A.B. asks: 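Right, I'll just put the structure down here and ask away after.
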Number of protein chains: 2
Amino acid sequence: MTATVLTPPHTAAADLTANTPEIRSSDETDIYEAIFTAIVEQRLVPGTRLIEEQLGEVFGVSRARIRKVLANLAHTGIIRLERNRGAFVARPSQEEARQVFEARQVVEQAIIRSIASDHGSGATRALHRHVKAEAEARQRGDRRATIRLSGEFHLLLAGIQGNAMLTEFLRTLVSRSSLIIAVYPPSIETACSHDEHAALIAAVEAGNSDQAVAEMSRHLEAVFEQLNLGGAPGTPLDLHQIFAGLVPRGRPTR
Amino acid sequence: MTATVLTPPHTAAADLTANTPEIRSSDETDIYEAIFTAIVEQRLVPGTRLIEEQLGEVFGVSRARIRKVLANLAHTGIIRLERNRGAFVARPSQEEARQVFEARQVVEQAIIRSIASDHGSGATRALHRHVKAEAEARQRGDRRATIRLSGEFHLLLAGIQGNAMLTEFLRTLVSRSSLIIAVYPPSIETACSHDEHAALIAAVEAGNSDQAVAEMSRHLEAVFEQLNLGGAPGTPLDLHQIFAGLVPRGRPTR
DNA sequence: AGCCTGATGATTGTCGACAATCACAGTGGT
DNA sequence: ACCACTGTGATTGTCGACAATCATCAGGCT
């Protein structure tokens, strides 16, 4: 029985996965969410094959719908599609990880500079509220919420800046980052320190764009540096135990 | 008879449309190409509805394949999908145009700085060859090739820089730019002056990254400024005559 | 005359079935 | 014992048909 590996709808990763501009039936977004979070939370190990019919059974829909969802997941780089072979959970290489964070540096420095130049566009209230939510999630030990909110903070910044192209692009980069962090888990549990987020807001409110950019650069660098890029690139890493306490059932299909 | 509006395979826009990372049957890329170039060349006017079955007849394939192609086109922003309503050729607003070029500034300045810091990564030979091809196309009055090569120059730079994420993102931005230029055609025929491309290469070869960035900034600014952003955003602009000499047959469906 | 309402035609969304393709196991040969 | 080959099972790719939805138009009501 492989069905129980995936958690159906209840645990929604909210904004993080409402990605493509097309209008999409809510049903499909739910499935997208479920698979996405299952991957990010390592219930689906990189390299795992995702079989359309099995997924169809799990979610009670036909293969056609699943197929569409898989196409979307492949587009954001969370899974890999191979012609006539199927869908596999992506296994980002170290080089890929480097490129993702390099791209984030490019995009997010530009975003934060833009916002800081506008003195926060008057929207720092939402930022403060968000950081507060992050702190609360961390305090109550909700690991999943903490990780999710950390990513959403960056998307919130993009939304404030206002460029839909950059926001959309950043959405895929943040999604990929989530997978990367899952594959190369930081040695120490610092993730996306909310202190650094607070420092970013402070620089923005001060209208000091150079400092804001520097803060963002340091922040992303810190996250990247804490990755545990030790694992051999090709080996199917075994990370079951790491999340042992959180995962209801063990291994995925084969 | 609406079939003859689209030109089947022969005129391939090469690299510009080999966009998604997934492996894709060559057949579908051909269809993608055909529709893409038909839109960029304004044989399909913005706002035109693309009916799946008609397209299926034109290309001799089933609706399922067409559907996949439409999803890809929608993803790059060339067409718009509306639930239960169908696919429409996108009609980029002025604000959208601004955002596209703002995003290009962000991404391409970073790319050119990176290349220039590496003294061109030793790949300036390919750049020279490309600019030469651009000049030749322009000399022999091949408008289509000229426009296509102009866009590909920027993608070539991205490829040299090496970050796959940025390259992929820029591909969608360049595609959108093509549509934008088609919708808001430059008053004077300057498009993407190859002189500016040559200047970019010179700065890169000199290893002067600041100048290279400035050059890129000016170049993109010039292209954007030459857009004719006069047309009312909502009106279905009629630009048939503009390309009259080049278009074999007149109007699209209805 | 203008507006709301209901029927009609066209188009998209979804499903199930068949064909094409691939991975794997078993067999035979060297 | 190892390698190449063929047959088998499983999975994906593709197609055609049906159901759901929307736009349009005619008719009746105010």
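Below, read A as the first sequence line, B as the second, and so on, with proteins coming before strands; counting in each chain starts at 1. As the structure is a computational prediction, the values presented were derived from the model and not from experiment. Note that these values count all heavy atoms, side chains included, but never hydrogens, waters or copies made by symmetry.
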A.B. asks: What is the separation between atom CD1 on A:I66 and atom C1' on D:dT14, rounded to the nearest whole Å?
C.D. replies: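 Result: 18 Å.
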A.B. asks: Sub-3.5 Å donor-acceptor pair from the side chain of B:D142 to the main-chain atoms of B:A137, do we have one?
C.D. replies: no
A.B. asks: Using nucleotides 17-19 of chain D, report all nitrogen or oxygen pairs with the protein that are shorter than 3.5 Å.
C.D. replies:
none

A.B. asks: Could you state the atom-to-atom distance from NZ of A:K68 to P of D:dG13 in whole Å?
C.D. replies: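 One finds 16 Å between P of D:dG13 and NZ of A:K68, rounded.
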A.B. asks: What does the list of N/O pairs under 3.5 Å between the protein and nucleotides 6-11 of chain D look like, with a distance for each?
C.D. replies:
residue, atom, partner, partner atom, Å
D:dT11, O3', A:R49, NH2, 3.3

A.B. asks: Nearest 0.5 Å please: distance from the CE atom of B:M165 over to the CZ atom of A:R176.
C.D. replies: 4.0 Å
A.B. asks: Whole angstroms only, please: what is the CZ-P distance between A:R67 and C:dG16?
C.D. replies: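 After rounding, the reported distance stands at 15 Å.
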A.B. asks: To the nearest 0.5 Å, what is the distance between CG on A:N163 and CD on A:E168?
C.D. replies: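 Atom-to-atom, A:N163:CG and A:E168:CD are 11.0 Å apart.
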A.B. asks: Under the criterion side-chain contact (heavy atoms from CB on, under 4.5 Å), which of B:I51, B:L55, B:I35 is the partner of B:I66?
C.D. replies: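 Single side-chain contact (heavy atoms from CB on, under 4.5 Å) partner of B:I66 among B:I51, B:L55, B:I35: B:L55.
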A.B. asks: Specify the separation, in whole Å, of atom CG of B:L81 and atom P of D:dT21.
C.D. replies: 19 Å
A.B. asks: Under the 3.5 angstrom rule, does the side chain of B:Q161 hit a backbone N or O of B:T167 as a donor-acceptor pair?
C.D. replies: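 Side chain of B:Q161 to backbone of B:T167, a donor-acceptor pair under 3.5 Å: no, none is there.
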A.B. asks: Testing A:T76, A:I39, A:I79, A:V100 for side-chain contact (heavy atoms from CB on, under 4.5 Å) with A:L179, which one passes?
C.D. replies: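 Considering A:T76, A:I39, A:I79, A:V100, a side-chain contact (heavy atoms from CB on, under 4.5 Å) with A:L179 is found only for A:I39.
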A.B. asks: Would you please name every residue forming a side-chain contact (heavy atoms from CB on, under 4.5 Å) with B:Q105, sequence neighbours left out?
C.D. replies: B:Q109, B:S217, B:L220, B:E221
A.B. asks: Could you tell me how the ring of B:F169 sits relative to the ring of A:F169: parallel (under 30°), tilted (30 to 60°) or perpendicular (over 60°)?
C.D. replies: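 Aromatic pair B:F169/A:F169 classed parallel.
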A.B. asks: Atom CD of A:E57 to atom P of C:dC15: distance rounded to whole Å?
C.D. replies: 14 Å
A.B. asks: To the nearest Å, how far apart are A:E82 CD and D:dT12 P?
C.D. replies: 12 Å
A.B. asks: Among C:dC15, C:dT14, D:dC15, find the nucleotide with the atom closest to the side chain of A:S62.
C.D. replies: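 Side chain of A:S62 sits closest to C:dC15.
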A.B. asks: Report, as yes or no, whether the 6.0 Å neighbourhood of atom CD on B:E95 holds more than 12 heavy atoms from other residues, nucleotides or ligands.
C.D. replies: yes
A.B. asks: Please report the distance, rounded to the nearest Å, between CZ in B:R65 and C1' in C:dA20.
C.D. replies: 12 Å
